[in-house]
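Heads up: numbering here begins at 1 and tracks the sequence.
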Amino acid sequence: MERSYYLIIHSNAVVYDLQVNGLNSKKNTEMGAINFTLPINHLMQSGENTITFNYLELSDIDPKTNEPIKEYHDNFFVRIAVQSMDNKTRERERITLMDISYDHENQRLQGNPLSPQGEEHIYATANLHTDGKIREASPHVLVTGMGPSDPTKRLTVRFTTPDRFPEFHWLDALELEDTPQMRAELVAAYQRMYSYIYNEEFDSFLRELEPVWRHAAITTGVGQTAKDYVEYLDIESRNVPVRPNGQTLNPLKIPDNLDNHIELMGEGRLVRILPAPVNWQFPDSNRISEMPLLFYKTPSREWRVADIITD
């Protein structure tokens, strides 16, 4: 890839789940001011791209009930931009996708025409373009795996770029329904992938992940094949029961009750369990290193890995 793309987020007093083309890219469960930059080449597609902001309007915690107060905080705001960088010259372009706050007097969201510095927003550059429209979409369910799942409000924005990206290999996936059978099949898929690591069968693991890592190699500029990506990041040495740094593979952790642990994305075609069942324990620490596998079901009804999504 000749260019690298990044999402730049500034927000305050809002809990959210941010998606790029239906794939999770960032979950935020803190109410404070949050600023970050995300590389998104691996989540992009040729032509039009959609950014979805799924959020909960929360102002505080009720001291009597310990329940969240579901209304907009006085200091609520969200600013989202996308930046493109030429990998050779390091020249950068940036457009604004969203700049919103809440008008308490009129009880409505408002778009802010100027940046906090008083400058007009840029909506088009040589390699980026957006129509500047913020669209409401059907509710989303915010799943954290740590408690009840909450329905969110949902806003989408779109932008285009002339750059070409490889197609996602899971585009023909079947639409899924959260049923006992689907859950059992999903658990079996996790068990299969876990067994490859536990039994040190990396060749089998690589066959499953080949389309995922080939896509990653191309979009990150590492190479053209899964092998290029595996060798560049030394992935084989980390998919073992005991990693070189001493991290030890934990037993597969599937919750006894999967309610509030099943997360669908990709227009209902992709699914995962939260918290990630496959993880390694750091030595002398409570910290863990997760492998957040995301699965889909093929038209021939086989379960395959769609991606490894970190958010």
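- Residues Met1 and Phe159 are members of one and the same hydrophobic cluster, defined by side-chain heavy-atom contacts under 4.5 angstrom among Ile, Leu, Val, Met, Phe, Trp and Tyr.
- In this structure, CG in Asp103 is found 5.0 Å from CZ in Arg108, a value given to the nearest 0.5 Å.
- For the residue pair Met44 and Phe168, the shortest heavy atom distance occurs at O-CZ, 3.7 Å.
- When all heavy atoms of Ile100 and Gly111 are compared, the pair lying nearest together is CG2-CA, 4.4 Å.
- Applying the side-chain hydrogen bond (donor to acceptor under 3.5 Å, both in side chains) rule to Thr130 yields no partners; only residues at least two apart in sequence or on another chain are considered.
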For residues 134-142, which side-chain donor-acceptor pairs fall under 3.5 Å, sequence neighbours excluded?
{"unit_1": "Arg135", "atom_1": "NH2", "unit_2": "Asp131", "atom_2": "OD2", "d": "2.6"}
{"unit_1": "His140", "atom_1": "NE2", "unit_2": "Asp17", "atom_2": "OD2", "d": "3.3"}

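- A side-chain donor from one of Gln281 and Asn250 sits under 3.5 Å from a side-chain acceptor of the other.
- The two residues Val230 and Phe202 come nearest to each other via the heavy atoms CG1-CZ, 3.9 Å.
- Under a hydrophobic clustering in which Ile, Leu, Val, Met, Phe, Trp and Tyr are joined whenever their side-chain heavy atoms come within less than 4.5 Å, directly or via other members, Ile9 and Val15 fall into different clusters.
- Applying the side-chain hydrogen bond (donor to acceptor under 3.5 Å, both in side chains) test to residues at least two apart or on different chains, the pairs with a partner in residues 283-296 are Arg243-Ser289.
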- Criterion side chain to side chain donor-acceptor pair (under 3.5 Å) on Asn87 and Ser4, from CA distance to verdict: CA-CA 7 Å; Asn87 291 329; Ser4 294; 2.7 Å; yes
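- A donor atom on one side chain and an acceptor atom on the other are not found under 3.5 Å apart for Gln19 and Ser25.
- Within 6.0 Å of CZ in Phe282 there are more than 12 heavy atoms belonging to other residues, nucleotides or ligands.
- A distance of 9.0 Å separates CD of Gln83 from CG of Leu128, quoted to the nearest 0.5 Å.
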- Item | Arg90 and Met85: CA distance, side-chain angles, deciding distance, side-chain contact (heavy atoms from CB on, under 4.5 Å) verdict | CA-CA 6 Å; Arg90 318 304 285 181; Met85 182 183 71; 3.4 Å; yes
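- Taking every heavy atom of both residues into account, Asn12 and Gly32 meet most closely at OD1-C, 3.5 Å.
- When the side-chain hydrogen bond (donor to acceptor under 3.5 Å, both in side chains) test is applied to Ser237, the partners found at least two apart in sequence or on another chain are Asp234.
- The two residues Val212 and Val305 have their closest heavy-atom pair at CG2-O, 3.6 Å.
- For Tyr123 and Thr96, the side-chain atoms include no donor-acceptor pair closer than 3.5 Å.
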- Message: Does Leu294 form a side-chain contact (heavy atoms from CB on, under 4.5 Å) with Ile308? I'd like the steps, not just the answer.
- Response: CA-CA 6 Å; Leu294 180 67; Ile308 300 176; over 6 Å; no
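- Counted within 6.0 Å of CD1 on Ile122, heavy atoms from surrounding residues, nucleotides or ligands total 12 or fewer; the atom is thus considered open.
- Atom CD of Glu302 is surrounded by more than 12 heavy atoms from other residues, nucleotides or ligands within 6.0 Å.
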- Item | Verdict with reasoning, Ile197 to Val278, per side-chain contact (heavy atoms from CB on, under 4.5 Å) | CA-CA 10 Å; Ile197 302 170; Val278 181; 4.0 Å; yes
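- Contacts of Thr219 classified as side-chain hydrogen bond (donor to acceptor under 3.5 Å, both in side chains), with partners at least two apart in sequence or in another chain: none.
- Here CG of Asp163 is found 6.5 Å from CZ of Arg3. Values are rounded to the nearest 0.5 Å.
- A search for side-chain hydrogen bond (donor to acceptor under 3.5 Å, both in side chains) contacts involving Thr298 returns Ser300, not counting sequence neighbours.
- The salt bridge (charged side-chain N to carboxylate O under 4.0 Å, His left out) analysis of residues 188-202, with sequence neighbours excluded, yields the pairs Arg192-Glu208.
- By the ring-ring contact (aromatic ring centres under 6.0 Å, His included) test, His129 is found to be paired with no residue, residues two or more places apart in sequence or in another chain being considered.
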Exercise answer: donor-acceptor pairs, residues 72-81 side-chain atoms, under 3.5 Å, sequence neighbours excluded:
{"unit_1": "Tyr72", "atom_1": "OH", "unit_2": "Tyr55", "atom_2": "OH", "d": "2.6"}
{"unit_1": "His73", "atom_1": "ND1", "unit_2": "Asn75", "atom_2": "N", "d": "2.9"}

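- Asn239 contributes atom CG, which lies 8.5 Å from atom CE of Met193 (distance to the nearest 0.5 angstrom).
- Rounding to the nearest 0.5 Å gives a distance of 11.5 Å between NE2 of His121 and CE of Met98.
- Counting Ile, Leu, Val, Met, Phe, Trp and Tyr side chains that sit under 4.5 Å apart, directly or through other members, Ile288 stands alone, with no cluster partners.
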- Task: Under the side-chain contact (heavy atoms from CB on, under 4.5 Å) rule, what do Lys153 and Glu57 come out as? Steps first, then yes or no, please.
- Result: CA-CA 8 Å; Lys153 293 193 173 181; Glu57 68 277 32; 3.3 Å; yes
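- With sequence neighbours excluded, the residues that form a ring-ring contact (aromatic ring centres under 6.0 Å, His included) with Tyr16 are Phe53.
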With a 3.5 Å cut-off and sequence neighbours excluded, list the donor-acceptor pairs that the side chains of residues 181-189 form with protein atoms.
{"unit_1": "Gln181", "atom_1": "NE2", "unit_2": "Glu185", "atom_2": "OE2", "d": "3.0"}
{"unit_1": "Arg183", "atom_1": "NE", "unit_2": "Asp178", "atom_2": "OD1", "d": "2.7"}
{"unit_1": "Arg183", "atom_1": "NH1", "unit_2": "Asp259", "atom_2": "OD1", "d": "3.0"}
{"unit_1": "Arg183", "atom_1": "NH2", "unit_2": "Asp178", "atom_2": "OD2", "d": "3.1"}
{"unit_1": "Arg183", "atom_1": "NH2", "unit_2": "Asp259", "atom_2": "OD1", "d": "3.0"}
{"unit_1": "Glu185", "atom_1": "OE1", "unit_2": "Lys297", "atom_2": "NZ", "d": "2.9"}
{"unit_1": "Glu185", "atom_1": "OE1", "unit_2": "Trp303", "atom_2": "NE1", "d": "3.0"}

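- The shortest heavy-atom contact between Arg158 and Thr50 is CG-OG1, 3.9 Å.
- Both Tyr5 and Leu23 sit in one connected hydrophobic cluster of ILVMFWY residues. Membership requires side-chain heavy atoms under 4.5 Å apart, directly or through other members.
- For the atom pair CG of Leu38 and CD1 of Ile8, the computed distance is 10.0 Å after rounding to the nearest 0.5 Å.
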